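Everything below concerns the one structure shown next.
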2 protein chains.
Amino acid sequence: MLRLTKKADYSLIALKHFAARQRESGDSLSAKEVADNCGIPLPLLSKLLQKLGKTGFLISEYGTNGGYRLARDPKLISALEVIRAIDGPVVLANCFTETLHCGHSDRCTVRRPLKRIHEAILRLLESVSIEDMLQDSDEDLSSKTLPHSLVALQGSPKHLAPSATAVK
Amino acid sequence: MLRLTKKADYSLIALKHFAARQRESGDSLSAKEVADNCGIPLPLLSKLLQKLGKTGFLISEYGTNGGYRLARDPKLISALEVIRAIDGPVVLANCFTETLHCGHSDRCTVRRPLKRIHEAILRLLESVSIEDMLQDSDEDLSSKTLPHSLVALQGSPKHLAPSATAVK
DNA sequence: TGAATCTGCGACCAATGCGATCTGATTTCT
DNA sequence: AGAAATCAGATCGCATTGGTCGCAGATTCA
């Protein structure tokens, strides 16, 4: 539940790879190169790169030494954008999409708190760029403060309950 | 993508309904009653309530006027617990479940930043209880500060980039 | 006390969406 | 010009989810 699609996952990995390589040379990378280095099934990756090309994240180049190239600065590509491009609009609860009110009395009151969570998640994903991922590669997780800051949530001056930090 | 399952969605709605009704009378509510009032297909709801009973959120009572009753204080039931009970462990990226390292060089470096997001989401879901949802029913969304505070993220002293606040 | 009825319980079936594969169009190098 | 290598689109099979049906247990009323 609440999982990222493999597609989205692969896309992020691939884009990160592009960002890393692009620092060294401005050449295009073929789908095969990326697939080999990232351990992604080539056919699937092709489809993803294709879509990323259409949606403006990558520039495709035909020909023998063709391939793909990042279209923008990795700083300007947020995880959210990528996920949206690949998987379509991000939706938490199903009601959000449907225009009609779910009807009865107190039925849909749950939506509001959920929507908050939803928005928080979006804000979270939005605040992380490919560039961030690149920098964040090999540091230890729990110890240090986040490099580009992972978020600060709208409102919410109070502190959250202690709440078992068991994060599984 | 990143959507809550209908099952989980329904479960939250149902639990909230239980919490609301329980304030007035301590009686059990039949599956039918909940289904009618919440607009959830009865057979599906039955299955959900059944599972919620097994996992200790509800107490089931047989007999002519039987039904279900909340097993604990709605304050003590977090959205995360419910989602986990219904949909299984919450997982963001697929790699998190697999024990084996995905292998190559820089391949899995994306995981770390994603894991942060993942944990943030979990913390978020954990901090919201059924009780919160109840209180949060009819207020206006954007205007006021959050009642039980929806989160404050670990670390992250800096502010996030301005970033288009378009949240769809 | 017995039977009817209402309840929860478990297993089964259908469908949307995801993942993977195959074939075709376009460009560059020889 | 030919051939190799690349991107591009369409198609197929599978898995998880959503939804339904029939059965067993408990209670209550006659």
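Every value quoted in this text rests on a predicted model; they were computed, and no experiment measured them. Reminder, nothing fancy here: chain letters follow the sequence lines and each chain counts from 1.
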To the nearest Å, how far apart are [X] [atom1] and [N] [atom2]?
X	N	atom1	atom2	value
B:Lys47	D:dT20	NZ	C1'	10 Å
B:Asp9	D:dT17	CG	P	15 Å
A:Leu42	D:dC7	CG	C1'	11 Å
B:Leu44	C:dC13	CG	C1'	14 Å
B:Ile40	D:dG18	CD1	P	13 Å
B:Ile86	D:dT16	CD1	C1'	16 Å
B:Leu45	D:dG19	CG	C1'	13 Å
B:Lys6	C:dG17	NZ	C1'	13 Å

### Query
Considering only heavy atoms from C-beta outward, does the side chain of A:Leu44 approach that of A:Lys6 to under 4.5 Å?
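No. Closest side-chain heavy atoms not under 4.5 Å.
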
Do you know the tightest heavy-atom contact between [X] and [Y]?
X	Y	result
A:Ala35	A:Leu45	N-CD2, 3.5 Å
A:Ser11	A:Val82	CB-CG1, 3.8 Å
B:Leu76	B:Glu81	O-OE1, 3.3 Å
A:Ser127	A:Asp132	O-OD2, 3.4 Å
B:Ile86	B:Ala8	CG2-N, 3.9 Å
B:Ala71	B:Gly56	CB-O, 3.4 Å

Could you give the side-chain donor-acceptor pairs of residues 63-70 of chain A under 3.5 Å, partners two or more places apart or in another chain?
{"residue": "A:Arg69", "atom": "NE", "partner": "A:Glu61", "partner atom": "OE2", "Å": "3.2"}
{"residue": "A:Arg69", "atom": "NH2", "partner": "A:Glu61", "partner atom": "OE2", "Å": "2.6"}

### Query
When you check the phosphate oxygens OP1 and OP2 of D:dT6, does a side-chain N or O of A:Ser60 lie under 4.0 Å from one of them?
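Negative; the distance criterion is not met.
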
### Query
NA contact type, B:Ser30, heavy-atom cut-off 4.0 Å: base, sugar-phosphate, or nothing?
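The residue B:Ser30 makes sugar-phosphate contact but no base contact.
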
### Query
Contact class for B:Lys32 vs. all strands (heavy atom < 4.0 Å): base, sugar-phosphate, or nothing?
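The residue B:Lys32 makes no contact with any strand.
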
### Task
Name the residue closer to the 5' end of DNA chain C, choosing between B:Leu29 and A:Pro41 according to the nucleotide with the nearest heavy atom.
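So the residue in question is B:Leu29.
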
### Query
What are the residues of residues 61-74 of chain B, sorted by number, that bring a heavy atom to within less than 4.0 Å of DNA chain C?
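Correct list: B:Tyr62, B:Gly63, B:Thr64, B:Gly67, B:Tyr68.
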
### Query
Which ones in residues 48-58 of chain A lie close to DNA chain C, meaning a heavy atom under 4.0 Å from one of its atoms?
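Those residues: none at all.
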
